[in-house]
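Here the structure is laid out as structure tokens; the discussion comes afterwards.
Quick note on labels: first sequence line is chain A, next is B, and so on, each numbered from 1. This structure is a prediction, so every number in the text was calculated from the model and none was measured.
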Amino acid sequence: MVRRFFQLFTVIFGVLVLTFLLIHLVPGDPVEVMLGESASLADRAALRAQLGLNQPLLSQFGHYVNQLAHGDLGQSIQTKMPIVDLFKTRYPASIQLALLAMVIGLLIGVPLGIYAALKAGQWQDLVVTLISVRLAAMPVFWLGPILMLVFAVWLGWLPVSGMGEPAAIMLPALTLGLGLSAILTRMTRTSLLEVLNEDFIRTARAKGLSERTVVMRHALRAALLPIVTIVGLQMGSLLAGTVITETIFSWDGVGRLLVDSIEKRDYPVTQACVLAVALSYVLINFATDMVYRFVDPRMRLARD
Amino acid sequence: MKSIALFILLLWLLAVIAGRVLGLHGQAVDLSQVLASPSLVHWFGADDLGRDLLARILRGVEVSFVVSVVVTLVSMSIGVTVGLFAGFYGGKVDQVLMQVTDIFLAFPGILLAIAFAAVLGPGIVNLMFALCLTGWVSYARLTRAQTLSLRHRQHVLASASLGATPLRLMRYHILPLLLSILMVEATYSLASIMIAEASLSFLGLGIQAPNASWGAMLRDAVRYMLVAPHYVLLVGASLMSLILAINLGGDHLRDKLDIVSSVHEK
């Protein structure tokens, strides 16, 4: 437990160092890259001072961490807005998208996985496995446009992109959710099959319980544990996976903010986005781990 | 399944060679053919500048393949070296090295590659650099885990007691046993690096115009999706067929070499 916390802190510290160093990786003078060659000397000096680039590296880092600790993510060079204010609308949009994608993934993935496990070895199982393996390998920049073509252009059921209508979230969420459902299908299938071979399932069957009760009440409960972990881990990577999906569907989340900031060479915003996504990922993973330990006592012994 | 994969790969190889022989470069702008649908002249149609799509896709395959092979080789060399040292020496060395991999793993997916590519600026060399910077971690993890158990094998202990140096033990007694699992991992990573390269190019961080790259083509294709759906469908389907074939090849290799501990379970 203590070790896990210590590990969390070192990882967070490492993430801070790495994101801090990002701006120093810019070839040449970052200030010149950001402002362009036509900027006046005074402007350059002002920005350099604002970013603290004229100070020694170590004190820059200290300043960076100190700023973050006070909830200050710096300022956008383009819009002059505090980055925290940008995040106030962007971050919830990304979370919303990720959550809906997760719901879609669960709604499709878990039932399909159960079905495949019950039909293990038969043709239904093969079809489900085949589809899910292929679906999991589909990059979002391929799945997204296909969904857009089918549902928005040809069928006209859903808006193409943007955030104007509430239904606009459906396509990006489906894009992320379908890939996720494939992973969940495979996990559910494997996990349920494993549990169905356990002794207590034989006992339940021997007691004369109906197959339905055996699967739903006895097997599924035990099988869901690994799925909880996957949900947690995937939730974190969903936040990163949204970068391209948000760009395709013009969804104004953190991912699109990141891409926009890269195009405009607004490095402080880039830095803040990377940090925000990475920290969310680390914290969600940590929380998943903790929940898992709490739910399954075996884990506590196994890993420490 | 194996024959399908082989067939697709061969088809691509032949197409690329044919394209080279015929001198197709996909750079000829023909404004009368802007976004033309597939026809006898342009089998796959034309893009937004009237350039032949098939020729551009073939060039895209080449670039994509070269990038993924180079990145896989470089990141594998780094990752395996780190993993061997961490697994072999254990203790402090292991702790420090694994702490570093933990930090890299804290950035989900290709986020870190995006960040590196963003600050380094666009271009193929920077793109490969960014992918290598993030790609070595999984090899390091895999190699370390394997080395941890392998270093206690009898034959390793035997040569150690005969006075073999640690470097020799790693090079001649542990590394050869890792080769099959690394080969499978490398096959899958070819496919995932192709996707990563396309993702970065899609975001405008990779290969720059007028050179063909799948990611950049897909980005343009999405923009013209309403008027020319064949553009996005053909480019996407081409990319998917190649990735599918490589993954199938990986599955086959894994089954053949009988690797159970691979991260890519079915």
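- Chain A is approached within less than 4.5 Å, heavy atom to heavy atom, by B/G236, B/A237, B/L239, B/M240 from residues 234-242 of chain B, ordered by number.
- Atom-to-atom distance recorded for B/Q99:CD and A/F13:CZ is 11.0 Å, nearest 0.5 angstrom.
- Of residues 65-72 of chain B, no residue lies under 4.5 Å from chain A by any heavy-atom pair.
- For chain A, the option among B/I103, B/L112, B/V119 with the highest count of heavy-atom pairs below 4.5 Å is B/V119.
- With rounding to the nearest 0.5 Å, the separation of CG in A/L279 from CZ in B/F107 is 8.0 Å.
- The part of A/E263 that comes within reach of chain B is its side chain, from C-beta onward, which places non-hydrogen atoms under 4.5 angstrom from that chain.
- Heavy atoms closer than 4.5 Å to chain A are found in both the backbone and the side chain of B/A198.
- With sequence neighbours left out, the side-chain hydrogen bond (donor to acceptor under 3.5 Å, both in side chains) criterion links B/Y139 to B/S189.
- Of the two parts of A/T247, only the side chain, counted from C-beta on, holds a non-hydrogen atom closer than 4.5 Å to a non-hydrogen atom of chain B.
- To the nearest 0.5 Å, atom CZ of residue B/F116 and atom CG of residue A/L18 are 5.0 Å apart.
- In this structure, the portions of A/V15 lying under 4.5 Å from any heavy atom of chain B include both its backbone and its side chain.
- Among B/L105, B/L233, B/N247, the residue making the largest number of heavy-atom pairs under 4.5 Å with chain A is B/L233.
- Neither the backbone nor the side chain of A/I12 comes within contact range of chain B; no heavy atoms are under 4.5 Å apart.
- Tested against A/F141 for a side-chain contact (heavy atoms from CB on, under 4.5 Å), the candidates B/L203, B/V222, B/L218 yield a single pass: B/L218.
- Taking each heavy atom of B/L111 and A/A278 in turn, the nearest pair found is CD2-N, 4.1 Å.
- By the side-chain hydrogen bond (donor to acceptor under 3.5 Å, both in side chains) test, A/Q7 is found to be paired with B/D102, residues two or more places apart in sequence or in another chain being considered.
- In plain terms, the two heavy atoms of B/A106 and A/V282 that are nearest each other are CB-CG2, 3.4 Å.
- More than 12 heavy atoms of other shown residues, nucleotides or ligands fall within 6.0 angstrom of atom CZ in A/F61.
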